[in-house]
Peer 1: 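Before I ask anything, here is the structure I am working with.
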Amino acid sequence: MNATDPHALIAAARDAARHAHAPYSRFAVGAALLMQDGSIITGANFENASYGLSLCAETVAIATASAAGRLREIVAIGVIGGAMDADGTPTGTTPVSPCGRCRQVINEAAQMGGRDLPVHCGAAEGDTVRTYRLSELLPDAFGPADLGIG
């Protein structure tokens with residue numbers, strides 16, 4: 001697996017999305033991080049009855065990497081999402097991309113690792129994947145580098 005081949009990351013993100021806790025929006029999101037050593041760390045969205053306390057899949061995955069001391073080792077991210085059917089399975093063929101908050105969280109990890117991360121955006125179903133550099137999704141980002149950290 002390399003940072004420019006999205007297929008394994010999208011597959012891992014789809015697996016993670018099956019574990020989303022999204023009873024309010026009924027929209028499951030999964031994220032998968034490719035690490036320097038080729039391992040993959042995943043996350044799924046986790047909603048809360050107090051909506052503002054909900055966590056996005058990308059944030060869950062990045063926080064998991066950080067908790068393992070691996071924040072600087074992220075080399076790519078894959079994200080998928082889709083409306084949940086009656087059984088809770090994510091559906092849909094339109095690729096999703098990270099929300100604005102997640103783009104900022106991804107930027108934190110990217111700047112700490114000194115990378116302009118590729119972000120592979122897929123759908124719950126189908127083969128369409130759109131790939132962007134984080135700098136395309138969040139141009140002129142404010143982050144650790146602006147505070148002399150990184």
Side-chain angles (χ1 to χ4, degrees), residues 1-22 24-25 27-48 50-83 90 92-150:
M1 170 87 224
N2 64 55
T4 59
D5 177 14
H7 301 293
L9 277 180
I10 294 300
R14 285 180 176 152
D15 286 342
R18 291 187 195 116
H19 302 289
H21 176 70
Y24 308 107
S25 71
F27 195 87
V29 179
L33 309 175
L34 176 63
M35 308 306 288
Q36 280 178 334
D37 66 2
S39 63
I40 295 175
I41 295 175
T42 62
N45 55 322
F46 182 85
E47 294 180 353
N48 189 289
S50 177
Y51 295 153
L53 299 179
S54 295
L55 300 171
C56 296
E58 302 92 324
T59 299
V60 170
I62 291 169
T64 299
S66 182
R70 302 185 69 193
L71 184 64
R72 296 172 188 260
E73 298 176 31
I74 301 167
V75 296
I77 184 168
V79 181
I80 70 95
T93 57
T94 303
V96 300
S97 64
C99 71
R101 179 179 176 272
C102 285
R103 292 174 191 204
Q104 187 65 41
V105 171
I106 296 167
N107 181 65
E108 186 80 11
Q111 284 193 12
M112 294 303 289
R115 295 180 179 87
D116 187 9
L117 296 176
V119 181
H120 306 294
C121 303
E125 304 169 295
D127 296 327
T128 302
V129 177
R130 296 183 184 134
T131 298
Y132 305 92
R133 287 284 169 182
L134 178 60
S135 60
E136 294 176 275
L137 296 175
L138 190 65
D140 302 318
F142 179 83
D146 295 292
L147 301 174
I149 301 170

Peer 1: Is there a side-chain contact between I40 and M35, using heavy atoms and a 4.5 Å cut-off?
Peer 2: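 No, side chains not in contact.
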Peer 1: Sequence neighbours left out, what passes ring-ring contact (aromatic ring centres under 6.0 Å, His included) with F46? Give chain and number order.
Peer 2: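 H21.
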Peer 1: Before giving the answer on side chain to side chain contact (heavy atoms under 4.5 Å, CB included), spell out for I74 and L117 the whole-Å C-alpha distance, their side-chain angles and the decisive distance to 0.1 Å.
Peer 2: CA-CA 8 Å; I74 301 167; L117 296 176; 4.0 Å; yes
Peer 1: Taking the side chain from D116 and the backbone from S135, do they hold a donor-acceptor pair closer than 3.5 Å?
Peer 2: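 Yes, the answer is positive, given that a donor and an acceptor are paired below the 3.5 Å cut-off.
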Peer 1: Please output the side-chain donor-acceptor pairs of residues 103-114 that fall under 3.5 Å, not counting sequence neighbours, one pair per line with the distance.
Peer 2:
unit_1, atom_1, unit_2, atom_2, d
R103, NE, P98, O, 2.7
R103, NH1, L137, O, 3.0
R103, NH2, S97, OG, 3.0
R103, NH2, P98, O, 3.2
Q104, NE2, F142, O, 2.6
N107, OD1, Q111, NE2, 3.4
N107, ND2, F142, O, 3.2
Q111, OE1, A145, N, 2.8

Peer 1: Looking at every heavy atom in both A16 and A44, which two are closest together, and how far apart are they?
Peer 2: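 In terms of heavy atoms, the two residues are closest at O-CB, 3.3 Å.
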Peer 1: Report yes or no: does R14 contribute a side-chain atom to a donor-acceptor pair with the main-chain N or O of A124 at less than 3.5 Å?
Peer 2: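 Yes, R14 side chain to A124 backbone: donor-acceptor pair under 3.5 Å.
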Peer 1: Please give me the minimum heavy-atom distance between A28 and P90, naming the atom from each residue.
Peer 2: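 Heavy atoms only, the tightest pair is CB-CG, 3.7 Å.
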Peer 1: Please report the shortest heavy-atom distance between G81 and F27, naming the atom on each side.
Peer 2: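 The answer is C-CZ, 3.8 Å.
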Peer 1: Which atoms form the tightest heavy-atom contact between A32 and T42, and what is the distance?
Peer 2: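 Residues A32 and T42, closest heavy atoms: CB-CG2, 4.1 Å.
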Peer 1: Heavy atoms, side chains only, cut-off 4.5 Å: are T64 and I62 in contact?
Peer 2: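 They are not in side-chain contact.
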Peer 1: Is the backbone of E73 close enough, under 3.5 Å, to the side chain of Q36 for a donor and an acceptor to pair up by distance?
Peer 2: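 Absent.
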Peer 1: Please list every donor-acceptor pair under 3.5 Å in which a side-chain atom of residues 53-61 meets a protein atom from a residue at least two apart or in another chain.
Peer 2:
unit_1, atom_1, unit_2, atom_2, d
S54, OG, N48, N, 3.0
S54, OG, Y51, O, 3.1
T59, OG1, R101, NH1, 3.3

Peer 1: Which is it for V29 and V79 under the side chain to side chain contact (heavy atoms under 4.5 Å, CB included) test, yes or no, and what are the steps along the way?
Peer 2: CA-CA 7 Å; V29 179; V79 181; 4.1 Å; yes
Peer 1: In terms of heavy-atom contacts, does CG of D127 have more than 12 from other residues, nucleotides or ligands at under 6.0 Å?
Peer 2: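 It does not: D127 CG has 12 such atoms or fewer within range.
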Peer 1: Could you check whether any side-chain heavy atom of H120 comes within less than 4.5 Å of a side-chain heavy atom of I10, counting everything from C-beta outward?
Peer 2: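 Yes, close enough: below the 4.5 Å cut-off.
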Peer 1: Can you name the closest pair of heavy atoms from L9 and A76 and give their distance?
Peer 2: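 For L9 versus A76, the nearest heavy atoms are CD1-CB, 3.9 Å.
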Peer 1: Specify the closest pair of heavy atoms between E136 and R133, including all atoms of both residues, with the distance to one decimal.
Peer 2: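 E136 and R133 have their closest heavy atoms at OE1-N, 2.7 Å.
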Peer 1: Is any side-chain heavy atom of P118 closer than 4.5 Å to a side-chain heavy atom of Y132?
Peer 2: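 Contact flag for P118/Y132 side chains = no.
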Peer 1: Hey, does the side chain of R115 reach the backbone of V75 with a donor-acceptor pair shorter than 3.5 angstrom?
Peer 2: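 No; judged by distance alone, with no hydrogens or angles, the pair does not exist.
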